[in-house]
Amino acid sequence: MIRQNSMRKAVVIAALAAAFLALSVAVSARDRWSLSSAGSGIVMSPDGTEVSDHIEMSGQMVSFVLRWRISSEGEYSASRSLVFPMLRTVPNNTHASLKHKVELDVMSHVLADGKPLGGEKVTQVEIDGFLRTTSRFADGGRDLEVRRTVFPSVEKPLVAEEYVLTNAGGTDVTVVVPEYSETFTTDPSRGVTGAYVIESSLTGCGRKVLKPGESLAFGAVFQGYRLGEAPLPVDVSDELAARERLVRQFDSSLVLSTPDPVMDREFRFAKIRAAESIYRTAGGFLHGPGGESYYAAIWANDQAEYVNPFFPFLGYAVGNESAVNSYRHFARFMNDRYEPIPSSIIAEGKDIWNGAGDRGDAAMIAHGASRYALASGSREEAELLWPLISWCLEYCNRKITPDGVVASDSDELEGRFPSGKANLCTSTLYYDALISADRLAAELGVGNDYLARAERLASAIENYFGAEMGPYHTYRYYDGNDLLRSWICMPLIVGLTERAEGTIAALTSSKLMTEDGLLTQEGSDTFWDRSTLYAIRGIYIAGDTRTATGFLEAYSRRRLLGEHVPYPIEAWPEGGQRHLSAESGLYCRAIVEGMFGLRPTGLRSFDLTPRIAEGWDRMSLNHVRAFGSDFNIEVVRSGRKVKVTVSDNASGKSRTWKSKEGEKISIEI
């Protein structure tokens with residue numbers, strides 16, 4: 001029997017390796033983009049075929065989706081879908097941010113020697129926390145190069161574009177950038193505070209004679225404000241410098257270094273998208289998913305569960321503040337009757353959405369808040385969050401069914417797919433929250449029975465959800481479920497690995513696996529990145545490094561260098577692969593918690609179970625900002641063992657451990 005199991009496992013591993021190799025080669029063959037050699041972005045040079053894509057970028061008072069296109073002739077065009085989250089519309093619900101589309105062709109207004117520019121050929125597109133294009137306009141004997149940079153303001157309700165026009169020819173050219181301003185005023189009955197104004201304008205206007213090699217800089221600004229207010233004066237170069245500083249700040253924290261440059265670069269991009277999408281609302285800083293739909297509001301899954309536990313590792317003060325603020329908002333709804341906390345708090349904290357009933361939201365919140373509190377390293381924050389955590393755990397305890405699992409009306413998919421009366425996500429999140437809460441309670445000196453509850457729940461999860469799904473020794477998602485679901489990865493995430501081999505085989509089978517990641521349900525055409533990224537993390541935690549790394553490499557390459565770049569996405573076909581921001585936090589957590597196996601165990605302690613890929617000699621995370629510290633983690637292959645070094649960047653002190661691969665190391669900062 002032992003030999004048969006070993007042989008079967010070898011066959012499964014070989015098949016998976018071949019599948020991932022084929023997927024990786026197929027994706028690589030269709031790479032549209034490449035890594036920039038002079039920077040940390042990605043670049044693409046048009047090849048005569050039409051190219052189009054969309055990307056979302058955000059600041060504290062604005063977000064926008066840029067839908068851009070390069071024609072087969074090389075001409076650039078774009079529409080800007082502007083979103084102003086704090087200019088609220090009627091009815092003031094989840095989707096009530098002011099939205100406006102602008103399709104201004106800035107370069108069509110510029111004159112060279114008295115004539116409009118023509119003959120544009122885009123030579124390069126670059127994404128690096130901005131979108132930049134470089135074009136040549138060769139027409140009528142003139143040769144002009146134009147470099148566009150498109151970006152959101154960090155702190156103001158505006159989107160800006162910087163244009164640098166250079167005379168690349170051999171004769172003088174007289175360039176005129178005309179005065180331009182256009183406003184659109186909304187219907188006052190459609191605004192919470194009346195009418196709003198969206199203004200498009202050019203800056204740096206005037207006439208200049210450019211000698212060969214000389215340049216001229218000007219800008220375009222798209223801003224929104226209330227009728228009766230004055231438009232903001234804008235220096236585009238100052239706004240660009242502020243955005244560059246923010247991106248550099250993200251680049252200086254939680255820096256991943258591996259032998260895979262694509263993975264390193266995608267991790268870098270994911271940090272940007274996860275952290276930029278935080279809005280300064282009347283209810284304080286609120287992280288928002290985006291996607292032209294979800295702003296100035298929070299959800300128990302996207303914020304409390306997905307992205308908040310990531311922020312302490314990045315050390316971004318605004319991110320940490322938004323996390324604590326979101327938990328404060330949820331805590332407003334604790335009650336002695338233990339009625340459900342709403343799934344979402346909307347309209348800058350002024351209203352709620354609870355349209356899918358209890359989605360297991362208390363389990364989501366308890367899971368995220370307890371992990372956040374431990375990783376933040378702040379006793380003050382831990383004490384602040386403890387009443388919410390303990391309330392959510394008691395709520396879940398009161399929802400235990402006669403079968404010992406947690407009942408809920410739906411799950412985070414809100415009825416898009418069936419979830420029964422009790423689903424696997426809710427119970428596993430509650431299980432994980434009990435483990436973390438036990439450690440947090442020890443830090444705060446609070447007695448509890450959480451570990452005993454967790455042990456009972458682990459048995460109930462096995463007995464109730466454990467199932468033979470076709471040939472796979474794995475889990476059903478709910479009672480009556482007979483089709484494989486991608487969320488069967490959840491037990492792996494929380495360290496329940498009794499069915500790991502069968503679950504991994506099911507996840508990576510043709511029934512669920514596609515080039516874009518995991519189908520939500522066997523036989524459907526719907527995929528969501530969130531379950532894909534959870535699965536990658538879970539496969540690492542289960543100890544199957546080869547499968548997890550193959551999966552992650554193929555996924556990273558497709559998202560970073562494929563047709564739709566550069567961030568993790570929400571879903572397809574729903575949402576058209578929007579760049580919802582919390583998914584980027586899940587990408588980072590797949591590496592921090594999966595590949596490095598980092599799990600908070602105290603305000604100054606964590607477990608580390610590194611999973612270094614076969615063929616890699618080292619990997620590192622530098623400037624990890626969690627646990628009230630700033631430290632580096634370096635993992636180096638040393639024969640059949642790994643050498644792990646944790647070094648403190650303030651004191652310069654370091655400690656080194658040698659362990660077997662997959663062996664847990666307990667570390668105190």
Side-chain angles (χ1 to χ4, degrees), residues 33-48 51 66 68-78 80 104-151 153 159-181 200-222 233-245 247-248:
W33 297 75
S34 60
L35 303 181
S36 58
S37 56
S40 51
I42 56 173
V43 296
M44 183 268 293
S45 296
D47 58 5
V51 183
L66 182 73
W68 57 273
R69 173 180 173 270
I70 299 171
S71 71
S72 57
E73 290 77 29
E75 294 181 331
Y76 172 88
S77 60
R80 311 153 188 88
L104 174 66
D105 180 358
V106 172
M107 292 307 301
S108 70
H109 292 266
V110 177
L111 301 178
D113 292 337
K115 298 179 181 179
L117 297 178
E120 179 180 15
K121 295 286 184 183
V122 175
T123 58
Q124 181 175 279
V125 183
E126 179 183 12
I127 301 176
D128 190 13
F130 318 81
L131 186 134
R132 291 188 169 103
T133 64
T134 303
S135 297
R136 297 298 283 263
F137 289 83
D139 181 52
R142 298 176 296 272
D143 188 1
L144 300 172
E145 180 183 88
V146 174
R147 184 172 169 87
R148 301 176 180 87
T149 303
V150 186
F151 61 96
S153 170
V159 170
E161 299 178 357
E162 181 192 64
Y163 292 77
V164 178
L165 189 154
T166 301
N167 184 358
T171 59
D172 292 358
V173 178
T174 300
V175 176
V176 175
V177 180
E179 299 283 343
Y180 176 88
S181 179
S200 305
S201 62
L202 300 183
T203 66
C205 304
R207 178 189 302 269
K208 184 175 181 178
V209 177
L210 294 182
K211 296 184 179 301
E214 287 188 338
S215 298
L216 167 68
F218 59 98
V221 176
F222 310 93
V234 180
D235 185 316
V236 171
S237 63
D238 285 350
E239 296 298 325
L240 178 58
R243 174 73 176 182
E244 288 173 336
R245 285 193 299 273
V247 171
R248 286 198 301 270

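Not measured: the values here are computed from a predicted model.
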Under 3.5 Å, sequence neighbours excluded: what are the donor-acceptor pairs made by side chains of residues 209-217?
{"residue": "Glu214", "atom": "OE1", "partner": "Lys211", "partner atom": "N", "Å": "2.9"}
{"residue": "Ser215", "atom": "OG", "partner": "Thr166", "partner atom": "OG1", "Å": "2.7"}

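- The distance from atom CG of Asp105 to atom OH of Tyr76, rounded to the nearest 0.5 Å, is 9.5 Å.
- The shortest non-hydrogen separation linking Ser45 to Thr123 is OG-O, 3.4 Å.
- Contact record, Ala112 with Leu144: CB-CD1, 3.9 Å, taken as the closest heavy-atom pair.
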> When you look at Ser36 and Ile42, which way does the side-chain contact (heavy atoms from CB on, under 4.5 Å) test go after all the steps?
Replying inline: CA-CA 5 Å; Ser36 58; Ile42 56 173; over 6 Å; no
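- Expressed to the nearest 0.5 Å, how far OG1 of Thr149 lies from CZ of Arg147 amounts to 5.5 Å.
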>> Between Phe130 and Leu240, is the side-chain contact (heavy atoms from CB on, under 4.5 Å) condition met? List the steps.
In response: CA-CA 9 Å; Phe130 318 81; Leu240 178 58; 3.5 Å; yes
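- Within a 6.0 Å radius of CZ in Arg69, more than 12 heavy atoms belonging to other residues, nucleotides or ligands are found.
- Within the structure, every pair that satisfies the side chain to side chain donor-acceptor pair (under 3.5 Å) test and touches residues 106-121, not counting sequence neighbours, is listed here: Glu120-Ser135, Glu120-Arg148.
- With salt bridges taken as basic N to acidic carboxylate O contacts below 4.0 Å, none links Arg245 and Glu239.
- Atom OG1 of Thr133 sits about 7.0 Å away from atom CG of Leu131, to the nearest 0.5 Å.
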>> Set out, in order, the CA-CA distance, both residues' side-chain angles and the distance that settles salt bridge (Lys or Arg N to Asp or Glu O under 4.0 Å) for Arg80 and Glu161, then state yes or no.
In response: CA-CA 11 Å; Arg80 311 153 188 88; Glu161 299 178 357; 2.5 Å; yes
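- Heavy-atom minimum distance, Pro116 versus Asp139: O-OD2, 4.3 Å.
- Contact detail for Val125 and Val122: the closest heavy-atom pair is CG2-CG1, 4.0 Å.
- For Phe222, there are no ring-ring contact (aromatic ring centres under 6.0 Å, His included) partners two or more places apart in sequence or in a different chain.
- Among all heavy-atom pairs drawn from Phe218 and Leu165, the shortest one is CE2-CB, 4.4 Å.
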